There are 2 protein chains.
Amino acid sequence: MRWEELDQQPCSLARTLSVVGDRWTLLILRDCFLGVRRFETFERRLGITRHVLTDRLKKLVEHGVLYKSAYQERPRREEYRLTGKGLDLYTVILALVNWGDKHMADDRGAPVKHIHKACGHAMHPQMVCSECGEPITARDIRVEAGDGWQDRAPLVGSDRS
Amino acid sequence: MRWEELDQQPCSLARTLSVVGDRWTLLILRDCFLGVRRFETFERRLGITRHVLTDRLKKLVEHGVLYKSAYQERPRREEYRLTGKGLDLYTVILALVNWGDKHMADDRGAPVKHIHKACGHAMHPQMVCSECGEPITARDIRVEAGDGWQDRAPLVGSDRS
DNA sequence: TTAATGAGTTCCAAAAAAGAACCTACAAAA
DNA sequence: TTTTGTAGGTTCTTTTTTGGAACTCATTAA
């Protein structure tokens with residue numbers, strides 16, 4: 001399968017990855033959440049090549065994750081800011097960071113602390129069921145074909161013993 | 001910055017992406033969570049080339065996300081299964097799927113429903129604060145340098161108005 | 001007049017992915 | 001006994017994507 005066909009799959013993971021599933025996009029978005037808005041700042045902080053940065057920012061704008069807004073005329077200068085759709089990616093980044101804190105940290109511990117403004121504590125994200133509020137792990141969930149699945153092959157293969 | 005240097009950054013997101021941040025790895029893991037365990041099944045379901053699949057499975061085993069276990073001798077056949085570290089990636093996948101369900105679904109709605117076995121409802125994941133249990137959005141969190149940050153540059157740039 | 005700045009674009013070399021064919025050890029079928 | 005099939009790869013060639021550096025353009029600052 002070619003990468004461009006990914007967004008046509010009846011799979012929300014595949015569709016999401018068609019937007020953020022490359023090597024650089026989520027790092028760019030991390031910086032967006034830290035307040036970075038300008039081309040040159042992204043470039044300097046990430047060590048990304050200008051060509052790739054141009055391409056990724058353009059794609060994020062096309063997908064409605066970022067929008068451009070002028071912060072100065074003559075010469076015109078634009079900055080990149082998160083849309084509502086982009087802000088919704090925060091849970092994705094937090095989930096990735098949380099896994100890295102737990103499984104990839106060196107002996108000095110997590111590099112960044114997340115403080116919940118409302119309660120004032122250093123927090124880590126917990127995923128709970130929207131219906132009953134209980135914490136979720138992989139074993140707690142069963143999948144079923146939904147409306148967008150249509151008449152396709154069964155969801156699961158037969159490798160499971 | 002070269003991709004191989006990514007895991008040395010003092011950033012848990014960068015370190016996590018050094019494991020799962022390429023085009024195919026999270027799709028492979030999605031299938032693992034659906035019960036797929038064999039080389040040939042991954043290949044057929046994903047339409048991935050054998051070369052890339054071999055490489056990704058090897059890396060996931062090296063990182064302790066999957067492990068190989070023989071399900072048959074003579075001829076020896078091995079299958080790939082999630083470790084505890086791998087199972088912990090479930091929240092990441094669920095967060096990505098949830099974003100896709102909300103922002104990338106076509107008019108037929110979500111392709112896959114997630115049923116919480118304990119309460120029996122179709123759920124979507126909700127991220128809450130580990131300390132106070134309140135739901136989290138991007139605006140609710142402030143970052144601070146943690147122990148693993150050491151004496152580096154300030155976390156945030158100055159683009160924020 | 002020269003230099004600097006921000007946000008790119010252009011060009012070339014290197015690396016990674018796509019696609020197809022080939023390999024190996026065994027088993028079952030004709 | 002030769003052929004066919006299978007699981008899990010490896011090898012080869014072509015295409016696509018990155019990395020890295022240099023160049024552009026409009027405007028302001030020294």
Side-chain angles (χ1 to χ4, degrees), chain A residues 1-6 9 14 17-28 31-32 36-62 66-81 157-161, chain B residues 1-6 9 14 17-28 31-32 36-62 66-81 157-161:
Chain A
M1 183 174 33
R2 306 297 315 283
W3 186 248
E4 302 86 52
E5 305 161 35
L6 202 60
Q9 295 243 126
L17 292 178
S18 76
V19 181
V20 302
D22 75 289
R23 286 171 155 74
W24 288 109
T25 300
L26 283 165
L27 288 169
I28 293 170
D31 274 9
C32 291
V36 174
R37 294 177 179 172
R38 297 187 191 170
F39 188 92
E40 195 269 337
T41 314
F42 288 113
E43 189 204 354
R44 184 165 28 83
R45 286 176 51 96
L46 296 171
I48 190 177
T49 59
R50 304 164 82 75
H51 192 74
V52 176
L53 180 57
T54 303
D55 182 72
R56 293 305 181 279
L57 289 171
K58 190 165 62 177
K59 277 185 183 146
L60 286 169
V61 169
E62 283 167 10
L66 301 179
Y67 67 99
K68 288 173 87 159
S69 102
Y71 67 89
Q72 161 186 311
E73 301 288 344
R74 319 158 55 122
R76 187 177 180 84
R77 295 276 182 269
E78 307 207 84
E79 59 184 10
Y80 295 89
R81 306 186 57 172
S158 51
D159 293 350
R160 201 193 288 268
S161 59
Chain B
M1 182 173 36
R2 306 297 316 283
W3 186 248
E4 302 85 53
E5 305 161 36
L6 203 59
Q9 294 244 124
L17 292 178
S18 76
V19 181
V20 302
D22 75 288
R23 284 170 155 75
W24 288 109
T25 299
L26 282 166
L27 288 169
I28 293 170
D31 274 8
C32 291
V36 174
R37 294 177 179 173
R38 297 187 192 171
F39 189 92
E40 194 269 339
T41 314
F42 288 114
E43 189 205 354
R44 185 165 28 81
R45 286 176 51 94
L46 295 171
I48 190 176
T49 59
R50 302 165 84 75
H51 191 75
V52 176
L53 179 58
T54 303
D55 182 71
R56 293 304 181 279
L57 289 171
K58 191 165 60 177
K59 278 188 182 146
L60 287 170
V61 170
E62 283 167 11
L66 301 179
Y67 67 97
K68 288 174 86 158
S69 102
Y71 66 89
Q72 163 186 308
E73 301 288 344
R74 315 164 48 149
R76 187 176 180 83
R77 294 275 182 270
E78 307 207 84
E79 58 186 10
Y80 295 88
R81 306 185 57 170
S158 52
D159 293 351
R160 203 193 286 270
S161 58

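No experiment lies behind these values; they were computed from the predicted model shown. Quick note on labels: first sequence line is chain A, next is B, and so on, each numbered from 1.
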Closest listed nucleotide, where the reference is the side chain of [X] and the choices are [options]:
| X | options | answer |
| --- | --- | --- |
| T49(B) | dA18(C), dA7(C), dT18(D) | dA18(C) |
| P75(A) | dG8(D), dG20(D), dT27(D) | dT27(D) |
| V52(A) | dG9(D), dT18(D), dA17(C) | dT18(D) |
| R38(A) | dT17(D), dA18(C), dA7(C) | dA7(C) |
| T54(B) | dG9(D), dT18(D), dT9(C) | dG9(D) |

**Item:** Side-chain touch R77(A)/Y71(A), heavy atoms, less than 4.5 angstrom
**Value:** yes
**Request:** Would you indicate whether the side-chain heavy atoms of R81(B) and C32(B) approach each other to under 4.5 Å?
**Result:**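 No, their side chains stay 4.5 Å or more apart.
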Between [atom2] on [N] and [atom1] on [X], what's the gap in Å once rounded to a whole number?
| X | N | atom1 | atom2 | value |
| --- | --- | --- | --- | --- |
| H51(B) | dG19(C) | NE2 | C1' | 12 Å |
| K59(B) | dA17(C) | NZ | C1' | 12 Å |
| L46(B) | dG19(C) | CG | P | 14 Å |
| F39(A) | dA7(C) | CZ | C1' | 6 Å |
| E79(B) | dT6(D) | CD | P | 19 Å |
| D159(B) | dT5(C) | CG | P | 15 Å |
| D55(B) | dA18(C) | CG | P | 12 Å |
| W24(B) | dA18(C) | CH2 | C1' | 10 Å |

**Request:** Ignoring backbone atoms, test whether R56(B) places a side-chain nitrogen or oxygen under 4.0 Å from the OP1 or OP2 oxygen of dA17(C).
**Result:**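 Yes, such a contact exists.
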**Request:** Check whether any side-chain nitrogen or oxygen of Y80(A) sits under 4.0 Å from OP1 or OP2 of dG6(C), and answer yes or no.
**Result:**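 Checking dG6(C) against Y80(A), no side-chain N or O comes under 4.0 Å of OP1 or OP2.
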**Message:** Between D159(A) (side chain only) and R37(B) (backbone N and O only), is there a donor and an acceptor less than 3.5 Å apart?
**Reply:**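 Pair found, side chain donor or acceptor close to backbone of R37(B).
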**Asked** Does the D31(B) side chain pair with the main chain of F42(B), one donor and one acceptor, at a distance under 3.5 Å?
**Response** no
Reckon [X] touches a base, only the sugar-phosphate, or nothing at all at heavy-atom distances under 4.0 Å?
| X | result |
| --- | --- |
| K68(B) | sugar-phosphate |
| R76(A) | nothing |
| F42(A) | nothing |
| Q72(A) | nothing |
| E43(B) | nothing |

**Message:** If you assign each of R23(B) and E73(A) to its closest nucleotide in DNA chain D, which residue comes earlier from the 5' end?
**Reply:** R23(B)
**Message:** Taking the nucleotide of DNA chain D with the nearest heavy atom to each, does R77(A) or D22(A) sit closer to the 5' end?
**Reply:**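 Looking at DNA chain D, the more 5' nearest nucleotide goes with D22(A).
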**Message:** Can you give me the closest heavy-atom contact between W24(B) and L46(B), atom names plus distance?
**Reply:**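 It is CZ3-O, 3.9 Å.
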**Prompt:** So does R50(A) reach the base of dG20(D) with its side chain, donor to acceptor, closer than 3.5 Å?
**Reply:** no
**Request:** Report the distance from atom CD of E43(B) to atom OG1 of T54(B), rounding to the nearest 0.5 Å.
**Result:** 9.0 Å
